[in-house]
Amino acid sequence: MRTLEHFPNLVTMFFTRARMQGDRPFLWHKQDGAWVSQSWRQSAEAVASLAAALKTVGLNPGDRVLLVSENRPEWCLSDLAIMAAGCITVPTYVTNTERDHIHILENSGARAVIVSDAKLARTLLPAVLRSSQAHIVIGMEDLRIGQTGSARFYDWHRLIAEHAPDIAAAEAAATFQRDDLACIIYTSGTGGAPRGVMQHHGAILHNVYGASLVVSEDLGWSDDEVFLSFLPLSHAYEHTGGQYLPIGLGAQIYYAESLEKLAANIEETRPTLMVVVPRLFEVLRARIIKQVEKQGRVSNFLLGRAMSAGGRKAAGKRGLFDGPMDVVLGATLRPKIAKRFGGRIKAMVSGGAPLNPEIGVFFQSLGLTFLQGYGQTEAAPVISCNRPKVGLKMDTVGPPLANTEVRIAEDGEILVRGELVMHGYWRNEEETRRVLKDGWLHTGDIGEIDGKGRIKITDRKKDIIINDKGDNVAPQKIEGMLTLQPEILQAMIAGDRRPHMVALLVPDPEWTQGFCAKSGANCNFAALAENPEYRAALSAAVERVNADLSVIERVRRFVIADAPFTIENEQLTPSLKIRRHVIKQLYGDRLNALYR
């Protein structure tokens, strides 16, 4: 079994892997329609040169550097160079507004920013000019600046070219230890201003080590692991799982062109491992079902049998003909599905939000290994992950990672202790004291631990709805079930201190177009909201869900949202969680009217 060495910091881990891998490919991106690679040696040289350049432009150890970029090789190299210079990376979302940027710049006290292009600079630079300390701007591409003002501007590639690469010197300078601060990742949060989570080198290394054991012991670690990176690297999940885990494994990283081209990129790059969010697989599930439906009765029959057998297996049962049907599915349907995922995928690891167990069962039934993980930015971020050798159970998030303690408090809250736990929130002692008590991270999640040590999340502590009779209702479970219906894209449940549950629904646009085409209805969203047939179809979808819910969980009435929940309208966090407080503020009166 291969395991990771006990590295003192992330920079040393990178340079060690680069020395071992040499001229083998490391980072890939699409250029002029073809995939182009950068070797480990070339990457190490770029990191060493950029780290030296950051020092010459005036940055000192401990300085914070904002990193604003889409996923690309320069993101990874910049992050490593910032740390190699002794500075602290502050990753931020490309969807951030000027207001978001100014908050993070001022709160972090960043002295410099690295930004990818002119488009992202348009939102970032006004915040830089208003900030009190950030006077250094480094552009990966031409930022097309007409007037510089008080900031000093540098070209990313020129800085590297002007500093001869001295890998040995850069590696020798990386004397910081596991307890030292590596990055400040601002939580997207579902309410209030983002808080800066202080992740130390040891926290991320703890995650990398624990995840590497899952790969080596449960999936089979090879010398040719390939990751496809598409979740935002500014998110702790991708930062650790999509960047530092591949580095620790000595793997290759491909950067997807876009979410729209993801399916094609998967087939082209043939990844062995992917870190994903549940929403992506809800979409993929819907697409696969539609494609199979178009292929005729035989394909539909096979899909139905695969789902039935998968459901029984998930429940610990076995049908009389499941064995022979497994052979048939292995020769017909499953190879087609595997090809769509590149043909050599070992596992897809879902995290960032709760997964509806039905989604996991669906992909497992089609022959794809689907592991659900659980974590928080405050835990670097992975706390646990399903492991095939322990036994996959789709309503759990698996056992804790190695060297991670988890216990359940008297009120059901999940508590975590170990090197993975943050040292606190940046410049926010009050919030730090609230969530860190006696070394335990109070996650705010409610859960339980089964007989095999697997964690089961039942809900967010603060999101639990308590009806007027004192019954607890977990909204995420119901919302997840609603969004599995083809008619419903998004949903939010309400009913706190009320006699029953109500819902705000965002109809699925693709289903809506199909409804309009069949019915001849005007596909104007406002008009459809009042269309009796349209509402009846949505009501039927809700009733299908209600059939599997307890009396207190059932949705009695609903309203239709004016528009989808998006990051841009601030109704979704950048990690695609709904912002309940924002949505309730907008739709609260209409939801309350449902009780009249």
Please round to the nearest 0.5 Å and tell me the distance separating atom CG of Asp63 and atom CZ of Arg111.
4.5 Å
For Arg417, is there any backbone N or O sitting under 3.5 Å from a side-chain donor or acceptor partner on Glu405?
no
Give the intermediate values and the outcome of side-chain hydrogen bond (donor to acceptor under 3.5 Å, both in side chains) for residues Asn207 and Thr240.
CA-CA 7 Å; Asn207 259 216; Thr240 294; 4.7 Å; no
Salt-bridge criterion met for Glu98 and Arg130 (N-O under 4.0 Å)
yes
Between Glu70 and Arg72, is the closest basic N to carboxylate O distance under 4.0 Å?
yes
Quiz question: by atom type and distance under 3.5 Å, do the side chains of Glu419 and Asn403 form a donor-acceptor pair?
no
Do you see a donor-acceptor pair shorter than 3.5 Å between the side chains of Asn107 and Tyr425?
no
More than 12 non-hydrogen atoms from neighbouring residues, nucleotides or ligands closer than 6.0 Å to CZ on Arg427, yes or no?
yes
Report the C-alpha distance between Arg24 and Ser39 in whole Å, list the side-chain angles of each, state the deciding distance to 0.1 Å, and finish with yes or no for side-chain contact (heavy atoms from CB on, under 4.5 Å).
CA-CA 5 Å; Arg24 297 184 68 181; Ser39 74; over 6 Å; no
Aromatic ring pairing Trp35/Tyr254, orientation class (parallel under 30°, perpendicular over 60°, tilted between)
perpendicular
Which distance, rounded to the nearest 0.5 Å, do you find between the CD1 of Ile114 and the OG of Ser78?
4.0 Å
Among Phe176, Phe14, Phe7, the one residue meeting ring pair (Phe, Tyr, Trp, His ring centres under 6.0 Å) with His201
Phe176
So, does Thr404 use its side chain to make a donor-acceptor pair with the main chain of Pro400 at under 3.5 Å?
no
Smallest separation among heavy atoms of Leu233 and Asn71, with atom names:
N-OD1, 3.1 Å
Does Gln585, at its CD atom, have more than 12 non-hydrogen atoms belonging to other residues, nucleotides or ligands within less than 6.0 Å?
no
Taking the side chain as every heavy atom from C-beta outward, state whether Leu572 and Ile578 have any atom pair closer than 4.5 Å.
yes
Please check if any side-chain donor atom of His135 sits under 3.5 Å from a side-chain acceptor atom of Gln133, or the reverse.
no
Expected output: side-chain Thr573 to main-chain Lys577 donor-acceptor under 3.5 Å
yes
Is there a donor-acceptor contact under 3.5 Å from the side chain of Trp426 to the main chain of Arg195?
no
Evaluate side-chain contact (heavy atoms from CB on, under 4.5 Å) for Met13 paired with Tyr244, printing each intermediate quantity in order.
CA-CA 9 Å; Met13 180 176 74; Tyr244 284 106; 4.0 Å; yes
Criterion salt bridge (Lys or Arg N to Asp or Glu O under 4.0 Å) on Lys119 and Glu141, from CA distance to verdict
CA-CA 10 Å; Lys119 180 181 177 183; Glu141 298 177 17; over 6 Å; no
Stepwise side-chain contact (heavy atoms from CB on, under 4.5 Å) test for His101 and Thr123:
CA-CA 8 Å; His101 283 315; Thr123 306; 3.9 Å; yes
Separation between CD of Gln376 and CD1 of Ile414, rounded to the nearest 0.5 Å:
8.5 Å
What's the shortest heavy-atom distance between Ser234 and Ile185, and which atoms?
O-CG2, 3.8 Å
What closest approach, in Å, do Val416 and Val421 show between heavy atoms, and which atom pair accounts for it?
O-CG2, 3.7 Å
Under 3.5 Å: donor-acceptor pair, side chain of Asp438, backbone of Trp440
no
For the pair Asp117 (side chain) and Met140 (backbone), establish whether a donor and an acceptor sit closer than 3.5 Å, ignoring hydrogens and angles.
no
Hey, does the side chain of His163 reach the backbone of Leu159 with a donor-acceptor pair shorter than 3.5 angstrom?
yes
Run the numbers on Asp562 and Arg590 for salt bridge (Lys or Arg N to Asp or Glu O under 4.0 Å), then give the verdict.
CA-CA 11 Å; Asp562 299 331; Arg590 277 182 266 182; 2.8 Å; yes
Using 0.5 Å steps for rounding, measure from the CZ atom of Arg64 to the SG atom of Cys183.
13.5 Å
Any chance CG of Asp411 has more than 12 other-residue heavy atoms, nucleotides or ligands included, within less than 6.0 Å?
yes
Looking only at heavy atoms, which two atoms of Leu124 and Leu66 are closest? And how far apart?
CD1-CD2, 3.9 Å
Does a sphere of radius 6.0 Å around CZ in Arg434 hold more than 12 heavy atoms from other residues, nucleotides or ligands, not counting ones at 6.0 Å or beyond?
yes
Specify the closest pair of heavy atoms between Glu570 and Arg579, including all atoms of both residues, with the distance to one decimal.
O-CD, 2.8 Å
Under 3.5 Å, is there a donor-acceptor pair linking the side chains of Glu74 and Trp156?
no
Test: Arg433 and Glu429 ion pair at under 4.0 Å
yes
Stepwise side-chain hydrogen bond (donor to acceptor under 3.5 Å, both in side chains) test for Ser229 and Gln243:
CA-CA 8 Å; Ser229 175; Gln243 177 168 292; over 6 Å; no
Does Glu257 offer a backbone N or O that forms a donor-acceptor pair with the side chain of Asn265 under 3.5 Å?
yes
For Cys76 and Ile247, what are the C-alpha separation, side-chain angles and deciding distance, and is it a side-chain contact (heavy atoms from CB on, under 4.5 Å)?
CA-CA 10 Å; Cys76 177; Ile247 290 173; 4.3 Å; yes
Does any donor atom in the side chain of Gln490 or Asp508 lie under 3.5 Å from an acceptor atom in the other side chain?
no
Provide the closest heavy-atom pair for Pro271 versus Ile266 in the form atom of the first, atom of the second, distance.
CD-O, 3.4 Å
Going from CE on Met348 to CG on Leu371, what distance comes out if it is rounded to the nearest 0.5 angstrom?
9.0 Å
Okay, side chain of Asp100, backbone of Thr97: is any donor-acceptor separation there less than 3.5 Å?
yes
Can you check whether Trp75 and His239 have ring centres sitting under 6.0 Å from each other?
yes
State whether the side chain of Asp496 and the backbone N or O of Ile465 hold a donor-acceptor pair below 3.5 Å, judged by distance alone.
no
